[in-house]
Amino acid sequence: MSTNPTIPRTMLAVVAPPPGGPEALQVVERPVPKPACGEVLIKVGAAGVNGADLSQRRGKYPLPPGTPDILGLECAGTVVAVGDGVTEWAVGAQVCALLIGGGYAEYCAVPAVQCLPIPAGVSLVEAAGLPEVAMTVWSNVFEIGRLAPGETILVHGGASGIGTHTIQLAHRLGARVLATAGTDAKCRRCEELGAVKAINYRTQDFVAEARRVGAVDVILDMVGGDYIQRGLELLAPGGRLVMLALKQGARLELDCGLIQGRNLYLTGSRLRPRPIAEKGRLVSAVRKAVWPLIESGEIKPIVDSTFPLRGVADAHRRMESGEHVGKVILVL
């Protein structure tokens, strides 16, 4: 194992032992992890805050086996140690990484195949918010959803981290993008990023407004509840609806005749429980397809706000307020 001799024995990390509101988050002292075979140890400079972190804090997220109690699904920083068998990264490399957990900490051990170089022209803080959205969007929109050039996608939660990335990537790859958001200001931002039309779901019927534009081939849904049935009614024959979250509920009544009659696809996925090898494959795909667009400036990381590690409760409050556009980032 190659290591930096200045690595301390302990670190600060964020956990939420009693589930609850943002006040349940605790900054604690933990041993610095040691990278196992095939892993690297990252000195974390910044970490992205995601909706799954909020669910985990509330005790409402089923954790995959082996998940640490330290929150955080993505980070960016410097490699300070490499485990046996690691050849693609060396001590001193600047990386961002997709994690099963552990990102809200000063140090994090992660499989080397889940790391990416920080794109040229992107700051470490911006890079911390890229892995989770980039992998989620590529997997769900382009692999599972099979979005193709010339097709139309409707993105719910267009002003979220996932939404802002989806709008830009789908637009750059030749799709027509519709989006929903909760304020007129957020709708304007979605259109600035490439949406041909953004719909204020608080004041407009997204189904009626989308129909004015034309047929929809793919829907990326982060809402659940009755949005699923309404989305199915909106899809063109052969359309695909991909579920990422079920904020308005997982139990609902569906018209299965509609699915069968129009040859529709209703599916969903979770990234966190996937095997390391699958995450590594996805990382490679994103590095090839998406990273050049980020380095050229065609896709920009959208950062809403930053908070220090000890301000993690305020970071979660910002997320829960629904006022953010893009990513909320913890800076260590």
Establish, yes or no, whether the cationic atom of R146 lies under 6.0 Å from the six-membered ring centre of Y265 and within 45° of the ring axis. yes

side-chain contact (heavy atoms from CB on, under 4.5 Å) evaluation trace for I118 with V95: CA-CA 5 Å; I118 293 179; V95 299; 5.5 Å; no

Hey, are the side chains of R272 and T67 touching, using non-hydrogen atoms and a 4.5 Å cut-off? yes

Below 4.0 angstrom, N of the basic side chain to O of the carboxylate: do R318 and E323 qualify? yes

If you group Ile, Leu, Val, Met, Phe, Trp and Tyr whenever their side-chain heavy atoms sit less than 4.5 Å apart, what else falls in with L63? Y61

Does the ring centre of Y201 sit less than 6.0 Å away from the ring centre of H156? no

Do E191 and K197 meet the salt-bridge criterion of a basic N to acidic O distance under 4.0 Å? no

Mind checking the CG-CG spacing from L241 to L266? Nearest 0.5 Å is all I need. 5.5 Å

When you measure from the side chain of R310 to the backbone of P308, do you find a donor-acceptor pair of N or O atoms at a distance under 3.5 Å? no

NZ/NE/NH1/NH2 to OD/OE distance under 4.0 Å, E320 and R57: yes

Are R189 and T164 linked by a side-chain donor-acceptor pair shorter than 3.5 Å? no

Side-chain donor-acceptor contact under 3.5 Å, R202 with T183: no

